[in-house]
Amino acid sequence: MDLAGVDLNLLVAFDALMDERSVTRAAARLSLSQPGMSNTLARLRKLFGDPLLVRDGFTLVPTPRADALRQPVRDALAIIQVALDRRAGFDPATDRATWTVSCSDYSLLMLIGPLVRRLAAAAPGVTIRVLPRSPDPVGLLREGAADLVIEPEEIMPDAQLDSQRLFADRWLCCVWAGNSAVGDRMTMDDYLRLGHLVYSVGRVQPASIVDQHLERSRVPRRIEFTVESFLLAPFLLEGTDLVTVVPERAVPHLRRTAAIRVLDPPVALPGITERLWWHPRHSADPAHAWIRAHIAEIAAELDQDGSSM
């Protein structure tokens, strides 16, 4: 296919049709008439030599060819949009920008909170929008729903994205400070006898890295409580004999607001290596590079303040 003969507006229409699965809704989205969008669909079918979307009741269903084209077309349109929007540079003192970041409340505590405080005076036009963790972080970046994702590299080993290591951490057992069922050391007997509090990403991805590891290792824990935020865990331990795990670097923050004790786990647990991920289409963007550099700077300070793990 000769690209010189392709009207790129057809690809914009294809993207809208794939999203809406309706000629009427796609036409409204692009401010076109319904006959105009029907004509565009006919041109797309001729261009690709495929029906692309076929009627099934009141909706349009994509053909295998359309499904195969969807992500490459979306990526190409996003790259073009970034190129058109790109500025020669970025001046944080005067320029305005909004970045959407998907991350855990742990990363929010350790990285994004300090970032927002740091940028309040230095970059008054910058807005940070935080999304909760997603079971599909790669999809968030590909679709442009997030500009940046902070996730452990252990759960994204095959991601075809640009990324940067931030910092490492390890897990510690955590109990209520008044828990008399545990002494100064967490034994394996203690660990198996006590009820466990675990946290998850959500229904689709029900357990954290450490909990998935323990399940694979067939450690016979008694799970009594599940929450979607590790920041809530220390508060929920109060008045109970439950045990949970928390990242070591977060312990000083948690101790300020919750009465907790932390102990070394009696079983080997996998470490965490937090990583910053982004789609390659943003790599050369000056504003995007600027915010990445600030997040990396805060992460580097964490390693300086504590042991490099």
Side-chain angles (χ1 to χ4, degrees), residues 1-32 34 36-56 59-87 97-103 129-151 155-156 158-163 204-205 275-289 291-292:
M1 184 182 296
D2 183 5
L3 187 60
V6 177
D7 181 354
L8 293 183
N9 286 321
L10 290 177
L11 301 185
V12 175
F14 173 79
D15 187 53
L17 284 163
M18 289 295 287
D19 273 354
E20 302 295 344
R21 308 293 174 90
S22 161
V23 170
T24 302
R25 291 196 299 271
R29 173 168 156 177
L30 298 183
S31 300
L32 296 174
Q34 184 171 345
M37 181 58 76
S38 295
N39 180 60
T40 297
L41 178 56
R43 292 175 63 195
L44 281 164
R45 286 167 169 164
K46 182 178 179 180
L47 176 67
F48 291 110
D50 187 270
L52 298 178
L53 292 151
V54 295
R55 184 157 297 284
D56 182 7
T59 189
L60 295 175
V61 178
T63 65
R65 172 71 165 148
D67 277 333
L69 285 167
R70 183 179 191 180
Q71 195 59 53
V73 167
R74 176 160 290 184
D75 287 347
L77 291 174
I79 290 170
I80 293 170
Q81 188 66 58
V82 168
L84 294 175
D85 293 343
R86 183 170 294 161
R87 293 164 285 200
T98 297
W99 285 284
T100 300
V101 184
S102 171
C103 65
R129 179 171 172 259
V130 177
L131 298 179
R133 293 181 71 193
S134 166
D136 184 19
V138 175
L140 284 181
L141 294 173
R142 282 181 176 165
E143 295 170 12
D147 301 299
L148 294 161
V149 162
I150 302 173
E151 284 286 358
I155 71 168
M156 296 174 63
D158 301 317
Q160 300 298 307
L161 298 165
D162 287 351
S163 67
V204 179
Q205 186 173 330
R275 204 165 187 90
L276 184 65
W277 309 84
W278 65 93
H279 196 281
R281 65 177 174 264
H282 294 300
S283 289
D285 180 68
H288 203 279
I291 197 68
R292 297 196 310 262

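By the 4.0 Å N-to-carboxylate-O rule, E151 lies too far from R275 to be salt-bridged with it. Here R25 does not pair with D19 in a salt bridge; the nearest charged N to carboxylate O distance is not below 4.0 Å. Under the 4.0 Å criterion applied to side-chain N and carboxylate O atoms, D285 and R292 are not assigned as salt-bridge partners. We find that R129 and D147 are not joined by a salt bridge, their nearest charged nitrogen and carboxylate oxygen being 4.0 Å or further apart.
Across all their heavy atoms, M37 and A13 have their closest contact at SD-CB, 4.2 Å. The two residues P137 and M156 make their nearest non-hydrogen contact at CG-SD, 3.8 Å. The two residues M18 and A66 make their nearest non-hydrogen contact at CE-O, 3.6 Å. Scanning all heavy atoms of the two residues, the minimum distance from A159 to W277 falls at CB-CZ3, 3.8 Å. The two residues R65 and F48 come nearest to each other via the heavy atoms NH2-CD2, 3.6 Å.
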Give the intermediate values and the outcome of side-chain contact (heavy atoms from CB on, under 4.5 Å) for residues L60 and S22. CA-CA 6 Å; L60 295 175; S22 161; 5.7 Å; no
Go through I150 and R133 one step at a time and tell me if the side-chain contact (heavy atoms from CB on, under 4.5 Å) criterion holds. CA-CA 9 Å; I150 302 173; R133 293 181 71 193; over 6 Å; no
With side-chain hydrogen bond (donor to acceptor under 3.5 Å, both in side chains) as the criterion, how do S283 and W278 come out once you've worked through the C-alpha distance, each side chain's angles and the decisive distance to 0.1 Å? CA-CA 8 Å; S283 289; W278 65 93; 2.9 Å; yes
Check against side-chain contact (heavy atoms from CB on, under 4.5 Å), D15 and R29: CA-CA 11 Å; D15 187 53; R29 173 168 156 177; 3.8 Å; yes
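Defined by atom type and a distance below 3.5 Å, a donor-acceptor pair is missing between the side-chain atoms of R21 and T59.
By the 4.5 Å heavy-atom criterion applied to side chains, R142 and R74 are not counted as neighbours. Put simply, the side chain of T63 does not reach to within 4.5 Å of the side chain of L53, judged on heavy atoms. L47 is not listed as a side-chain neighbour of D7, based on a closest heavy-atom distance of 4.5 Å or more.
Not one N or O on the side chain of E143 forms a donor-acceptor pair closer than 3.5 Å with the backbone of L141. A distance-only check finds no donor-acceptor pair linking the side chain of S31 to the backbone of A27 [under 3.5 Å]. Remark: the backbone N or O of A146 is not paired with any side-chain donor or acceptor of S102 at under 3.5 angstrom.
From L10, atom CG reaches atom CG of L41 across 10.5 Å, with rounding to the nearest 0.5 Å. The distance from atom OG of S163 to atom CG of L276, rounded to the nearest 0.5 Å, is 8.0 Å. Between the CG atom in L77 and the CZ atom in R281 there is a gap of 10.5 Å [rounded to 0.5 Å]. Going from atom CD of Q34 over to atom CG of N39 covers 12.5 Å, rounded to the nearest 0.5 Å. Residue R70 holds its CZ atom at 11.0 Å from CG of L17, rounded to the nearest 0.5 Å. To the nearest 0.5 Å, atom CG of residue L148 and atom CG of residue L131 are 11.0 Å apart.
Among L44, L11, L52, D50, the single residue meeting the side-chain contact (heavy atoms from CB on, under 4.5 Å) criterion with L69 is L52.
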